[in-house]
Amino acid sequence: MALLEISPRFESWRSRGAGRKRKLSLFEEVEEKKLLGTVNLVRNPYTKTPYSERYFEILEKRKTLPVWQQKDRFIDILTQNQIMIVIGDTGSGKTTQIPQFVVEAGYATDRKLVACTQPRRVAATSVSRRVADEMDVKIGAEVGYSIRFEDCCGPKTILKYLTDGMLLKEATSDPLLERYNVIILDEAHERTLATDVLFGLLQTTCTHLKESRPDLKLVVMSATLESEKFQGYFSGAPVMRVPGRLYPVDIFYTEFPEKNYFEAALRTVVQIHACEPPGDILLFLTGEEEIEDACMKIRNEIRNFGDHVGPVKVLPLYSSLPPSVQHKIFESAPPPEKEGGPPGRKIVVSTNIAETSLTIDGIVYVVDPGFSKQKLYNPRTRQESLLVCPISKAGAEQRAGRAGRTQPGKCFRIYTLESFRDHLPSQTLPEILRSNLASVVLTLKKVGIDDLVHFDFMDPPAPETLMRALELLNYLGAIDDDGNLTEMGMLMSEFPLDPQMSKMLVVSPKFNCSNEILSITAMLSVPNCFLRPKEARKAADEAKARFAHVDGDHLTLLNVYHAYKENGEDPSWCCENYLNIRALQSAVNVRSQLARIMNRHNLKMCSTQFTSPQYYPDIRKAIVTGYFMQVAHREQSGRYLTVKDNQMVHLHPSTCLDHKPQWVLYGELVLGSTECSSIRMVTDVKEEWLIDIASHYYDMSNFPQCEARRALVRAYQKREREIHKLAPEGKLESRISLAQGKGLRYIELGFAAKEADRRVQFSALLRIFTSYSEFLQATAFYLRASRSSMSPTASGIILPEAISRNNEMNSGHRQHQGSYYQMRYTRGYITEQRNEFGTVFILLSRVCAVSVLLLSVSVLLLSVCSWRWNVERVLFSAML
Ligand SMILES: Nc1ncnc2c1ncn2[C@@H]1O[C@H](COP(=O)(O)OP(=O)(O)OP(=O)(O)O)[C@@H](O)[C@H]1O
Ligand SMILES: [Mg+2]
């Protein structure tokens, strides 16, 4: 890779307002000396102990921040207004200082907190740690943070940093946000989905419910905000501007547009390392794959320089990395290899999660190629995809603002000044205009906002997107035909999950598999657990194949979870099997948190007995209850078409399915580089489950003409024939009363069946049962139970009580498509392993059976021949 001449190729441009370094006033210096002289006398009011030296060190720096100068003005405006807007340059001290000013002004009490939201988890955790340091308290005590599946707050917490999503979740159970006195919505320019909904909710709470929460204060903050728009939205709330930043940032543009931003960005990073004075580098790229590739290439390239340059620590940063790996970016740069040698450098390669709020100590150089991945939702195809798009001017300013925080900085933009001026939009399109709104609608319904059309969104979403969300929730049973939240919807909204996932979790006890669905949900909620390092791809794929389940990826995840538990959560076992230990640790944590929510709402934890042939089908059926709208059908031509939308898709290469089932359910539709999208997280499902579980969606009266429709019509006809056979008039009733006598759990069946004639009975049953197959099972059981005095478990239907009684060590086996699987059941965890010996045994037994068959046929033929020969001989001799 040829080195790039930085200076001639980049055109220098000093940002407006940058470069203003404030000096302390004489008065402040005197104050400081006084303070330093009485270090040991000053006690921390929170811990009641003397302040540490570090406190005073940081205090000195805090006093130089532009926001510090405006402290009194800020408190004045806050006292006089219910809502205010703060716009201050990046690094001026908004996130770290303003919440502390609010606390110091007495707005936080032991019963009512001050909350400061952040759009990203990494920002919420790192900023709260910094503020805890600044206040000289322990994180989790007076200052805490709350992010999805991690709450680090305690009874003493008065200042809480949390993601906007978490505050929105809290608003569902406490719509007036009674726990808080002041809410600070930080990085408002990001216009995330949760922040926009919070705007609407808080706007309603503060403006229209002045009587209910006259004490609630709202502060909206950002560095790059459209102030008029926000002022208009918040009924003329005052704007406080905080100009200036601590250190200047020089901005450089390329002279000519770059053909390949990736290559150009890498060249720039390598050249900075080779030519520029000490200081760490932050490079922005678009996604995980690109970042990992860049990290590897940068390491290799710098290695080629040998001793001429200092050592580097290249660190990736993207949202699916576990938090502990993400926090490595805050470690310091490596020391020089030998004394007096060139200094080491830290190089962070990140997505736009490092674009706002973060202060990474030591970052001097920012390299900005001007692209990021953005979520886009197409309500017509119900497809949400991530596309690489140019960033906005606001985004570019935020990126540059990551430099110059702890020392002067430089930002290299891999695009021209003309591109910046003329081609970049001033703001990014708000997320609410490009997202699936199902979760948002469920949240708003829970909060009690019924009229979504007139809800005060800052930028109202497209009606079609809202319709799609309502449609999905209605199909899932979360809202009724009048748009009111149902009991199912209430339960679903308790979980911090997508509506589809919460639905499968809520109904899982009905399928006797809540333990398993909980594990699958936890695995789906954490980063991908399968590692695939470039240098060991084959070994990693082989390791993954050991967990592969024939029925698809969801059950493969279950296998991984069970195996991890069986192996005592052993990190070295994870390493051997190319599994991401941190993802699995998070899955265990997430599972226990979700289990707590289930427990709170009396959702039973149960499993079908693993030796039962129903063990896996039950789990797959429960998954269908959530994802029945995400199904594809294999056409005769071999390609897959999604149901109803008829989009052509193919199975994602990461799938564990080694065959192409007729029907597959998928978790995600991934937009590919070709015209055909692919479906990820795929499970083989049966058409009868689709019509049993979601007959309201698989309704033939509004199903487009296609091969899938014809297959479904056949399935409906088959089922009609079955019901006629199984439930001839009159007979069912007597079986039901028998079942009632035994106190079984399928009693509702009787009441439904009693009055109805056979056709009506069929639809009535569907409403009461989770599925028709459950009904079939129940009926089959009644038939058997009426014939014999078998116990419930022995006759094929496993009752949850029987499972919990049977919770000790157990083992079993099953056959599937010619393979032999051995299963072990240990205190709630079930593992299944393909047994090669058993498989060979099955093969041998089949070979033996075929040989015996062939032998018998040959013997038969021989005897017929010999008989004929004998007869002919007798006849011949008789003729003679
Ligand atoms: N973890 C940290 N380590 C060292 N200095 C820090 C740290 N966090 C903050 N600072 C200092 O405090 C200053 C203000 O940080 P803060 O996050 O409050 O700025 P901000 O105005 O919110 O910026 P932005 O608009 O980029 O979010 C930084 O410029 C930096 O000098
Ligand atoms: Mg900030």
Side-chain angles (χ1 to χ4, degrees), residues 15 17-22 54-55 57-71 74 85-102 116-120 122-135 139 143 145 159 161 163-164 184-190 195 219-225 240-249 279-280 282 284 326-333 346 348 350 352-364 366 394-409 411:
S15 60
R20 285 178 41 185
K21 192 171 173 181
R22 279 182 325 101
R54 182 159 163 70
Y55 169 81
E57 256 172 51
I58 301 180
L59 185 66
E60 261 184 78
K61 284 193 191 137
R62 287 175 62 198
K63 286 182 175 178
T64 60
L65 290 171
V67 160
W68 189 273
Q69 306 302 308
Q70 313 255 0
K71 188 174 176 178
F74 168 77
I85 299 166
V86 178
I87 302 179
D89 279 352
T90 51
S92 58
K94 299 177 298 299
T95 312
T96 50
Q97 307 311 309
I98 298 268
Q100 291 190 67
F101 297 165
V102 176
C116 179
T117 65
Q118 293 296 317
R120 305 192 197 282
V122 60
T125 50
S126 68
V127 168
S128 60
R129 288 206 172 95
R130 168 71 181 182
V131 172
D133 278 354
E134 290 189 1
M135 286 169 67
I139 184 76
V143 182
Y145 66 84
L159 172 56
Y161 285 88
T163 51
D164 43 12
I184 303 167
L185 295 178
D186 198 7
E187 308 301 351
H189 71 279
E190 282 246 334
T195 299
V219 182
V220 179
M221 296 200 302
S222 173
T224 44
L225 210 62
M240 187 183 112
R241 287 181 194 274
V242 187
R245 48 178 304 135
L246 215 48
Y247 301 98
V249 178
D280 299 334
L282 173 62
F284 285 98
Q326 288 183 348
H327 278 97
K328 279 193 176 177
I329 61 162
F330 299 109
E331 289 172 5
S332 47
K346 174 171 73 179
V348 179
S350 169
N352 56 354
I353 70 167
E355 190 173 286
T356 47
S357 238
L358 274 194
T359 300
I360 309 172
D361 202 5
I363 294 289
V364 172
V366 167
E397 265 172 51
Q398 290 285 343
R399 285 181 176 192
R402 295 316 104 200
R405 295 175 86 84
T406 50
Q407 51 193 301
C411 173

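Both ligands and their constituent atoms are indexed starting at 1 by order of listing. The shown structure was predicted, so the numbers you read here are calculated from the model rather than taken from an experiment.
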Checklist entry - Using heavy atoms and a threshold below 4.0 Å, how should the contact between Leu246 and ligand 1 be classified: side chain, backbone, both, or neither? => result side chain

Next on the checklist: Among all the protein's non-hydrogen atoms, which is closest to atom 30 (C) of ligand 1, and how far away is it?
Outcome noted: Arg405 O, 3.4 Å

Next on the checklist: Check for me whether Val127 has a heavy atom closer than 4.0 Å to any atom of ligand 1.
Outcome noted: no

Checklist outcome for this item: To atom 25 (O) of ligand 1, the nearest of Arg62, Lys94, Gln407, Glu397 on a heavy-atom basis is Lys94

Checklist entry - How long is the gap from CD1 on Ile87 to CE on Met221, to the nearest 0.5 Å? => result 12.0 Å

Checklist entry - Thr95 to ligand 1: N or O pair under 3.5 Å? => result yes

Next on the checklist: Below 30° counts as parallel, above 60° as perpendicular, anything between as tilted: where do the rings of Phe101 and Trp68 land?
Outcome noted: perpendicular

Next on the checklist: Between ligand 1 and Gly401, is the shortest N or O to N or O distance under 3.5 Å?
Outcome noted: no

Checklist outcome for this item: Distance col, row Ile353:CD1 vs Ile329:CD1, nearest 0.5 angstrom, shows 7.5 Å

Checklist entry - Do Thr117 and Asp186 have side-chain N/O donor and acceptor atoms under 3.5 Å apart? => result no

Next on the checklist: Under a plain distance cut-off of 3.5 Å, with no hydrogens placed, do Glu187 and Ser222 share a side-chain donor-acceptor pair?
Outcome noted: no

Checklist outcome for this item: Under 4.0 Å from one or more heavy atoms of Asp89, ligand 1 contributes atoms 21 (O)

Checklist entry - Quick one: do the Arg245 and Ser92 side chains pair a donor with an acceptor below 3.5 Å? => result no

Next on the checklist: Are any of the N/O atoms on Thr96, whether in the backbone or the side chain, positioned under 3.5 angstrom from an N/O atom of ligand 1?
Outcome noted: yes

Checklist outcome for this item: Rounded to the nearest 0.5 angstrom, the SG-CG distance for Cys116 and Asp164 is 10.5 Å

Item to check | Check: Thr406 N/O within less than 3.5 Å of ligand 1 N/O | outcome: no

Checklist outcome for this item: The atoms of ligand 1 lying under 4.0 Å from a heavy atom of Ser357, numbered in the order shown, are 17 (O), 27 (O)

Next on the checklist: Does ligand 1 come near enough to Gly91 that some N or O of the ligand is less than 3.5 Å from an N or O of the residue?
Outcome noted: yes

Checklist entry - Considering only protein heavy atoms, which is closest to atom 27 (O) of ligand 1, and at what distance to one decimal place? => result Glu187 OE2, 2.9 Å

Checklist entry - For atom 13 (C) of ligand 1, what is the nearest protein heavy atom, given as residue, atom name and distance? => result Leu65 CD2, 3.7 Å

Item to check | Gap separating the CG atom of Leu65 from the OG1 atom of Thr96, nearest 0.5 angstrom | outcome: 6.0 Å

Checklist entry - If you measure from each heavy atom of Gly88 to ligand 1, is any distance below 4.0 Å? => result no

Next on the checklist: Assess, by modelled atom type and distance only, whether the side chains of Gln398 and Thr224 contain a donor and an acceptor separated by less than 3.5 Å.
Outcome noted: yes

Item to check | Within-cut-off N or O pair, Thr356 and ligand 1, under 3.5 Å | outcome: no

Next on the checklist: Tell me whether Asp133 is salt-bridged to Arg54, with the criterion being a basic N under 4.0 Å from an acidic carboxylate O.
Outcome noted: yes

Checklist entry - What residue and atom, counting heavy atoms only, is the protein's closest point to atom 2 (C) of ligand 1, and at what distance? => result Arg130 CD, 3.5 Å

Item to check | Arg402 N/O under 3.5 Å from ligand 1 N/O | outcome: yes

Checklist entry - Charged N to carboxylate O below 4.0 Å: is that the case for Arg62 and Glu134? => result yes

Next on the checklist: Regarding Thr90, does it place an N, O or S atom less than 2.8 Å from the Mg ion (ligand 2)?
Outcome noted: no

Item to check | Heteroatom distance test (Ser92, ligand 1): nitrogen or oxygen, under 3.5 angstrom | outcome: yes

Checklist outcome for this item: atom 9 (C) of ligand 1: closest protein heavy atom, distance to 0.1 Å, is Thr359 OG1, 3.5 Å

Item to check | Lys/Arg-Asp/Glu bridge criterion (N-O < 4.0 Å) met for Arg120, Glu190 | outcome: yes

